[in-house]
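Numbers restart at 1 for each chain; the letters A, B, ... are given by sequence-line order, proteins then strands.
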Amino acid sequence: MSVRTRATTWSLGLSGLLLLVVVVSAGIGAVTIPPRTVAAILADAVPVPVGVSFGGATVLPVLGAVPTPTLEFVSPFAFSVPRPARIIVLSVRLPRILLAALVGFALATAGTVMQGFFRNPMADPSIVGVSSGAAVGAVATIVLSLSIPFGLEGAAFVSAVVTAFVVYLLASEDGRTPVATLLLAGVAVQTFLGAVISFLLLQSGESLRQVVFWLMGHLAGATWSEVGMLTLVLPLPFLLLVVHARDLNVLLLGEEDAHALGIEVERTKQLLLATASVVTAAAVSVSGVIGFVGLVVPHMLRLLVGPDHRVLLPTSALAGASFLVATDTVARSGGAEIPVGVVTAAVGAPFFLYLLRTREVRSP
Amino acid sequence: MSDSDSGSGPFSDADPAIRLDGVSLSLGDTRILDSVSIDVGEGSFVGLIGPNGAGKTTLLRTLNGALAPDEGAVRVAGEDVHALSSKAASRLVATVPQTTSVTFDFPVREVVKMGRTPHRGRFEGWRERDDAAVESAMRRTAVESLADRPVTAVSGGERQRVLIARALAQETPVLLLDEPTASLDINHQVRTLELVSDLVADGTTAVAAIHDLNLAAHYCDALVLLSGGRILSAGDPATVLTEGNLREAFDAEAVVSRHPVTGSVYVTALPPSSDDANGRVHVVGGGGTGARALHLLSAAGYALSAGALNEGDTDAEAARRVGADLVTVPPYSPVDDAARAAVESRVEAADVTVVADVEVGDGNLANLEAAAEADRLVLVEERPFTERNYAGDDGFAVYERLREHGQVVEPDDLLSVVGELACDSFRERDDSTADSGSGSGPDSDSDSGEGGSSADDAPETDAESTDDDAVGDGRAADLFSG
């Protein structure tokens with residue numbers, strides 16, 4: 001079976017799984033809604049574009065006023081569904097479920113890339129300090145009551161990307177960035193930022209609860225605008241990574257070999273690191289620090305589909321989406337809301353230990 | 001400085017596959033390569049040899065473009081590899097890395113397919129041409145049967161072949177190999193190098209860093225000996241692998257001979273010379289009579305000297321092989337005065353001198369005369385002297401002197417007797433050291449053998465007089481020093 005066939009087959013299967021998980025999850029909550037009803041609601045909500053109209057104008061900073069293209073949609077289905085159920089699914093549960101899917105997708109993608117990039121099974125998306133950076137930005141915003149454009153998410157995203165870049169600069173010398181140095185610089189910067197976060201926590205006073213909640217990773221209060229933001233941000237970096245999957249494979253052989261096989265090693269590393277960091281930052285900035293998704297999911301998928309990133313990358317991303325939707329469903333379905341980061345760690349750590357004991361965890 | 005030979009051959013000036021022109025490179029403050037210039041002709045197999053840290057691997061990394069030189073240029077097939085993109089350079093030069101610990105479990109076929117990376121565009125699909133290259137590379141290296149096994153699950157020798165297959169799939173005119181035989185068993189070492197030789201016979205140009213000098217000498221058309229980042233010597237194996245070069249590059253004593261089976265240049269490294277370990281023994285032999293003694297004594301850890309022998313004599317070869325300090329004279333020539341003086345000095349330095357069951361003629365009589373002056377003398381006798389004396393009365397006269405203070409032993413007793421005498425020598429040397437400065441030394445109390453009488457004419461020297469009359473007292477000479 002060719003690589004392309006395998007990638008397609010696995011991806012289709014995992015997409016189906018994701019859809020199933022989403023439908024089931026949307027039915028679970030204080031009010032139980034049968035999957036059939038959920039499916040009807042979702043089918044109703046699927047818009048089919050039928051045309052484009054240019055109405056009104058948007059003022060863009062550079063281009064000035066341009067006509068805004070507006071897609072015209074129709075819904076082909078008209079199932080009869082009770083209105084409360086429709087509102088619960090579409091307005092309450094679906095944003096959160098979709099956000100979970102997107103965040104899981106992003107974290108598993110970044111985790112896969114980082115593990116391959118560092119040739120280290122313990123690498124996770126935040127290895128170069130992205131999560132700590134996001135946390136500093138977010139915590140500072142909350143504690144200092146800063147008012148900045150794009151709010152908390154914007155601050156977290158910017159500080160995450162800046163942190164990754166600083167770590168990269170610290171680890172680079174003469175145009176080369178040894179991954180071992182990068183790893184250590186990442187650890188050092190994370191430790192330093194940990195101190196900053198602790199200090200900010202001491203100053204937090206009444207906002208302590210809010211800060212801790214953010215830090216533990218959360219999807220509660222997800223909005224359609226957050227979903228929209230990730231939907232806009234993620235596709236391009238993801239495609240870029242998929243296009244470079246073959247280079248990532250060759251990099252697994254070691255940088256010296258990769259160079260001998262015609263890979264521009266430093267340039268490829270920069271691109272992979274930057275892209276994976278942006279993907280991680282986007283996820284972390286809306287959901288806080290959700291651990292273990294980016295670590296465990298790529299390992300699980302590597303066991304299933306092998307080390308070839310052309311298959312591993314898309315399947316890992318889809319599986320990450322399903323995993324986080326499932327764990328978040330657990331997090332919100334109990335009596336009291338638990339931060340989803342707690343659930344992923346509680347599920348992920350034992351599973352990881354199980355893999356470790358059965359010696360099935362291999363280096364990427 | 002160019003080490004290229006003129007004319008044809010591996011270092012041909014005409015259209016070289018690889019040309020290094022004054023390449024210098026520093027890593028940090030350390031100069032790793034110092035104006036290295038080599039031309040490698042198309043279709044030749046060049047071995048890079050030299051001690052650890054000589055710059056072999058660095059040179060290979062400079063050749064494949066991984067390291068850019070500070071000065072000089074590297075041209076492969078006329079192109080400056082450092083001006084090319086990594087992809088373009090990888091279409092000219094393929095590198096077989098030192099077998100590393102592979103931790104990913106790609107199937108073997110996938111690893112070989114990665115060799116096609118430099119030939120594929122990012123959005124280009126897999127083409128028939130790629131398949132053909134991969135299949136041919138796998139056939140060539142006999143890894144087809146492993147194609148679907150994870151590369152982590154094959155043996156070291158097989159993995160080496162997989163990496164060579166990957167390099168072949170690159171379809172480059174130049175192939176670099178970094179220690180291709182390191183960590184392989186002897187069978188796989190030979191198979192690997194045979195494979196490279198075959199490729200070279202088909203027109204590939206190969207450059208390999210090889211630790212094993214004998215494998216390098218046997219398989220390579222030419223060798224480049226690096227030492228301290230410089231080329232110490234370059235050319236065909238026989239001109240590069242000389243004892244002098246090896247001493248300078250490796251700081252090691254080695255003996256260069258011809259391998260009896262393959263006829264290749266053959267290097268035997270010797271342990272650091274150990275005058276004080278077990279003692280020093282001089283062997284007088286010839287025509288193969290001394291070979292056994294030389295081997296036995298060498299194995300027992302004695303520092304050896306031998307001679308004088310005719311160049312080409314069986315014993316001379318044996319002496320070289322065990323790294324003995326050898327005095328030679330040209331073939332068919334008698335032992336002249338210079339050689340005799342050289343032998344005397346070695347006999348003098350030796351703790352024990354052994355005279356083998358040698359045939360004696362006018363030509364080598366001088367050897368026996370010199371031996372007769374030894375402090376401690378052992379005669380190995382298998383035949384009566386009359387049967388091997390071709391020097392008439394002179395021969396008998398010398399033999400008499402040898403018999404007078406030499407111990408005659410059967411070949412099998414040689415080691416034990418030499419060992420005992422060497423111990424004596426040590427003890428006496430210790431005594432004389434302890435007593436130095438005390439005015440006069442005591443007489444030897446350890447003379448178990450033939451008499452140790454006075455050496456009245458040997459004041460303050462631990463060497464003996466060369467006066468023939470005093471030879472008998474030689475072994476006591478150093479006891480009366482001072």
Using non-hydrogen atoms and a 4.5 Å limit, figure out which bit of [X] sits close to chain A: side chain, backbone, both or neither.
X         : value
Ala94(B)  : neither
Thr172(B) : neither
Val96(B)  : neither

Problem - Pairs involving residues 52-69 of chain B, ordered by first then second residue, that meet salt bridge (Lys or Arg N to Asp or Glu O under 4.0 Å) (sequence neighbours left out) - result: Glu256(A)-Arg61(B)

Fill in the blank from the handout: Okay, Arg267(A) and chain B: the region with an atom under 4.5 Å from a heavy atom over there is neither

Handout entry: Side chain, backbone, both or neither of Asp247(A) within contact of chain B (heavy atoms, under 4.5 Å)
Key = side chain

Problem - Heavy atoms of other groups near Arg129(B) CZ, more than 12 under 6.0 Å - result: no

Problem - Check: Leu261(A) main-chain N/O paired with Gln170(B) side-chain donor or acceptor under 3.5 Å - result: no

Fill in the blank from the handout: Closest heavy-atom pair, Ser90(B) versus His259(A), reported as atoms and distance to 0.1 Å, is OG-O, 3.3 Å

Practice task
Write down the atom of Ile263(A), the atom of Ser86(B), and the distance for their closest heavy-atom approach.
Solution key: O-OG, 3.1 Å

Handout entry: Positions in residues 137-145 of chain B that reach chain A, provided some heavy atom is under 4.5 Å away
Key = none

Practice task
Hey, could you give me the CZ/CZ distance between Arg116(B) and Arg246(A), rounded to the nearest 0.5 Å?
Solution key: 11.5 Å

Practice task
To the nearest 0.5 Å, tell me how far Gln98(B) CD sits from Asp257(A) CG.
Solution key: 11.0 Å

Problem - Flag side-chain contact, heavy atom, 4.5 Å: Leu252(A) against Phe106(B) - result: yes

Problem - Minimum side-chain heavy-atom gap Leu253(A)-Arg166(B) below 4.5 Å - result: yes

Exercise for the section: Output the option from Lys87(B), Met114(B), His119(B), Glu110(B) having the highest count of non-hydrogen pairs under 4.5 Å with chain A. Expected result: Met114(B)

